[in-house]
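Numbers here are sequence positions counted from 1. Just so it is clear, the structure is predicted and the values come from calculations on it, not from any experiment.
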Amino acid sequence: MEGTEGIYEIRVEVGSDIYRVFSFFDKGQLVILVNGFQKKSQKTPKREIELAEKLKKQYFDEKESD
């Protein structure tokens, strides 16, 4: 996604509803899914992108501390 560092969007269509799930890669092969939401407009809500970035940071911070 533009404006993010390594965050990707997965699009899932269920009937007439469209959902988005943000994800990122860990060591190139492991896909981490972090947050999903129902997208109702063309523009992705900024708060959803910020949440995905926060969860990505939290994931790697916790992984380093183990």
Answer yes or no: is there an ion pair linking Glu13 with Arg11, defined by an N-O contact shorter than 4.0 Å?
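Result for this pair is yes, salt bridge flagged.
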Taking it one step at a time, do Tyr59 and Ile32 satisfy side chain to side chain contact (heavy atoms under 4.5 Å, CB included)?
CA-CA 9 Å; Tyr59 171 85; Ile32 308 297; 3.6 Å; yes
Do Val21 and Val31 belong together in a cluster built from hydrophobic side chains that touch within less than 4.5 Å?
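In one cluster with Val21: Val31, yes.
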For residues Ile10 and Leu30: do they belong to one hydrophobic cluster (side chain heavy atoms under 4.5 Å, members Ile, Leu, Val, Met, Phe, Trp, Tyr)?
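No, Ile10 and Leu30 fall in different hydrophobic clusters.
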Determine, step by step, whether Ile7 and Ile49 satisfy the side chain to side chain contact (heavy atoms under 4.5 Å, CB included) criterion, reporting the C-alpha distance in whole Å, the side-chain angles of both residues, the deciding distance to 0.1 Å, and the verdict.
CA-CA 8 Å; Ile7 301 285; Ile49 296 170; 6.0 Å; no
Spacing of [X] atom [atom1] and [Y] atom [atom2] [to the nearest 0.5 Å]:
X     : Y     : atom1 : atom2 : answer
Asp17 : Lys40 : CG    : NZ    : 8.5 Å
Phe24 : Leu33 : CZ    : CG    : 9.0 Å
Asn35 : Leu55 : CG    : CG    : 5.5 Å
Arg20 : Thr44 : CZ    : OG1   : 6.5 Å

Who pairs with Asp61 by salt bridge (charged side-chain N to carboxylate O under 4.0 Å, His left out), at least two apart in sequence or on another chain?
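In terms of salt bridge (charged side-chain N to carboxylate O under 4.0 Å, His left out), with neighbours along the sequence ignored, Asp61 is linked to Lys57.
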For the pair Tyr8 and Phe25, name the ring-plane relationship: parallel under 30°, tilted 30 to 60°, perpendicular over 60°.
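If you compare the ring of Tyr8 with that of Phe25, the planes turn out perpendicular.
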Asp26 and Lys63: CA distance, side-chain angles, deciding distance, side chain to side chain contact (heavy atoms under 4.5 Å, CB included) verdict:
CA-CA 10 Å; Asp26 183 356; Lys63 187 174 176 183; 2.5 Å; yes
Decide if atom CD of Gln38 counts as having more than 12 heavy atoms of other residues, nucleotides or ligands within a radius under 6.0 Å.
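Counting neighbours around CD of Gln38, more than 12 heavy atoms of other residues, nucleotides or ligands fall under 6.0 Å, so yes.
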Smallest separation among heavy atoms of Glu9 and Phe22, with atom names
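That would be OE2-CE2, 3.8 Å.
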Counting only N and O atoms by type, is there a donor-acceptor contact under 3.5 Å from the side chain of Lys56 to the main-chain atoms of Glu5?
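A pair under 3.5 Å: yes.
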